[in-house]
> 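Pasting a structure here, questions to come.
For the numbers below, each heavy atom of this structure counts, side chains included, while hydrogens, waters and symmetry mates do not. Numbered from 1 within each chain, the chains take letters A, B, ... in sequence-line order.
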Number of protein chains: 2
Amino acid sequence: MEKAQTLGVRAQQKEKTRRALINAAMNQLSAETGFSSLSLREVAREAGIAPTSFYRHFRNMDELGLTLVDECGLTLRQLLRQARQRIDKGGSIIRVSIETFMQFVADNTAIFRLLLQERTGRSREFRKAVERELEHFKAELIEYLRDEQGFSARLADLQSDAIVKIVFSAGADCFDVDDTQRLQIAEQTIQQVRLVARGAEATRRAKVE
Amino acid sequence: MEKAQTLGVRAQQKEKTRRALINAAMNQLSAETGFSSLSLREVAREAGIAPTSFYRHFRNMDELGLTLVDECGLTLRQLLRQARQRIDKGGSIIRVSIETFMQFVADNTAIFRLLLQERTGRSREFRKAVERELEHFKAELIEYLRDEQGFSARLADLQSDAIVKIVFSAGADCFDVDDTQRLQIAEQTIQQVRLVARGAEATRRAKVE
DNA sequence: GAATTCAGCGTACAGGTGTTAGCTGATCTT
DNA sequence: AAGATCAGCTAACACCTGTACGCTGAATTC
């Protein structure tokens, strides 16, 4: 709002319909259709503008899609960072992080599905974008494992990679599932991550001795 | 061939064009397009039949897609079973299985991508089908861990689930990658699976004492 | 206050889509 | 040998797609 005032009426309105387009795309994603079978015309229709006006905001649908991927990764990372600050007041970092993650998946199923789907689909550019997001998570995890837990660089990397794979994969399991089942999946994921952590711990000990 | 003789000329020819349709779909999948943006007409064209003749073989494109998913899972499982028989003559089961898996991904990128993609996409029916395939792998792994390695049911389940998640996720990392990088990924995956195994081992010991 | 910018619009086009209906002729059945 | 079956065909349909072109009028700039 504050920022919008300095933006001028024109730019303000433009930003508004840009958001409308993004929201429209997300809405249509929540349905059973994947992003690739989303149509420019339908998105424009739902956003309340003429099909041709779409081009005032994005060069094509792919550009919109990449924007969605970026936004999704960003909000998820912010959420997790907040969660980690919360645990400084006590609590298991594994538990809090995973529960936060699962809550995000439940709240933003459509967009998270986009993330997972485009990881393996469509253009190389899309896959790179998603991979970049996953790398962010991995990097933050590595930092934690090395600095706070004192793991070697190699072991921290190996561990982080495995954990990211497990957690995001578990996120995919939450799609056709109700709340109680989701909690079960979260619980199972927590245990699996602890399994990895324990394995890494054992490996470190074996190397030291 | 032997079976085909007893099938009659008509049914034989029908099976042939059915395969042509399946192959056509796989071919078009190898390109950058996901399954959802595959068209009945184009598939029929590549298979060398009229669009309308498609319906003599599948009720719609989804039915074709489900067939593809089933076939993919089947051949992959056969491959892994063969690999496991080979290791009875010595060799690490983890290494051989994962190397076989990675080789499959390299050889059948298109269809494996379908598997991963439809896991998170399109209709619920598709997701169920893929999930069923993943369950097959998990089940075989559980059996091995419980019977051969003596893990408890719960620990075998937890472990298998984590391993399947890691391995399939690693498969997705192989898409935009050359042979040497693929070998690196395989190596890393092997180490990660060993991490999980070591963690499970440590957990078992802790419980026993 | 005049000139410029530009978000959004309407029209139009060429091409693709899934699907229906009905025909043909080879294969199978009896 | 006669009749039934059925894989594959052509023609046609109603509809949706992305995008090019040029206009309008309000916001912005000078």
> Could you check how far CZ of B:R56 sits from P of C:dT24, rounded to whole Å?
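In whole Å, C:dT24 P lies 15 Å from B:R56 CZ.
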> Just by distance, do the side chain of A:T17 and the backbone of A:A20 share a donor-acceptor pair under 3.5 Å?
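No, the answer is negative, given that no donor and acceptor are paired below the 3.5 Å cut-off.
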> Mind checking side chain to side chain donor-acceptor pair (under 3.5 Å) for A:T52 and listing every partner two or more places apart, or none if nothing turns up?
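Partners of A:T52 under the side chain to side chain donor-acceptor pair (under 3.5 Å) test: none.
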> Whole angstroms only, please: what is the CD-P distance between B:Q12 and D:dA7?
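It is 14 Å, rounded to the nearest whole Å.
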> Expressed as a whole number of angstroms, how long is the span from A:I49:CD1 to D:dT19:P?
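Whole-Å distance recorded here is 14 Å.
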> To the side chain of B:V9, which of C:dT27, D:dG8, D:dA27 is closest?
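Comparing C:dT27, D:dG8, D:dA27 against the side chain of B:V9, the answer is C:dT27.
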> How many Å lie between NZ on A:K14 and C1' on C:dG8, as a whole number?
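Distance, rounded to whole Å: 11 Å.
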> Do B:S36 and A:S36 have side-chain N/O donor and acceptor atoms under 3.5 Å apart?
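A donor-acceptor contact under 3.5 Å links the two side chains.
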> Is A:D173 close to B:R119 at the side-chain level, that is, under 4.5 Å between some pair of heavy atoms?
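SC-SC contact between B:R119 and A:D173 confirmed.
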> Measuring centre to centre across the rings, with the benzene-like ring taken for any Trp, is A:F101 within less than 6.0 Å of A:F112?
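Yes, close enough.
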> Protein within reach of the bases, or only the backbone? For nucleotides 10-20 of chain C, mark each nucleotide 5' to 3' as B, S or -, using heavy atoms under 4.0 Å.
BBB----SBBB
> To the nearest Å, how far apart are B:E15 CD and D:dG8 P?
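Those two atoms, CD and P, are 11 Å apart.
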> Taking for each residue the nucleotide of DNA chain D with the nearest heavy atom, is it A:R10 or B:Q13 whose nucleotide lies nearer the 5' end?
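Residue closer to the 5' terminus by nearest nucleotide: B:Q13.
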> When you compare the side chain of A:Q159 with that of B:Q192, does any pair of heavy atoms fall below 4.5 Å?
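Contact flag for B:Q192/A:Q159 side chains = no.
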> Take the C1' atoms of the five end pairs on each side of the helix from C:dG1-D:dC30 to C:dT30-D:dA1, derive the two axes, and give their angle rounded to 10 degrees.
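Rounded value for the end-axis angle: 30°.
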> Can you check whether B:L79 reaches B:Q103 side chain to side chain, under 4.5 Å on heavy atoms?
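Side-chain contact under 4.5 Å: no.
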> I want to check one thing: is the phosphate of C:dA7, taken as OP1 and OP2, less than 4.0 Å away from some side-chain N or O of A:S53?
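Answer is no, no contact under 4.0 Å.
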> For a 4.5 angstrom cut-off between non-hydrogen side-chain atoms, does A:D157 reach A:K138?
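In short, these two side chains touch, coming nearer than 4.5 Å.
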> Below 4.5 Å, heavy atoms only, C-beta onward: do B:D62 and B:E125 meet side chain to side chain?
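The answer is no; the side chains never approach within 4.5 Å.
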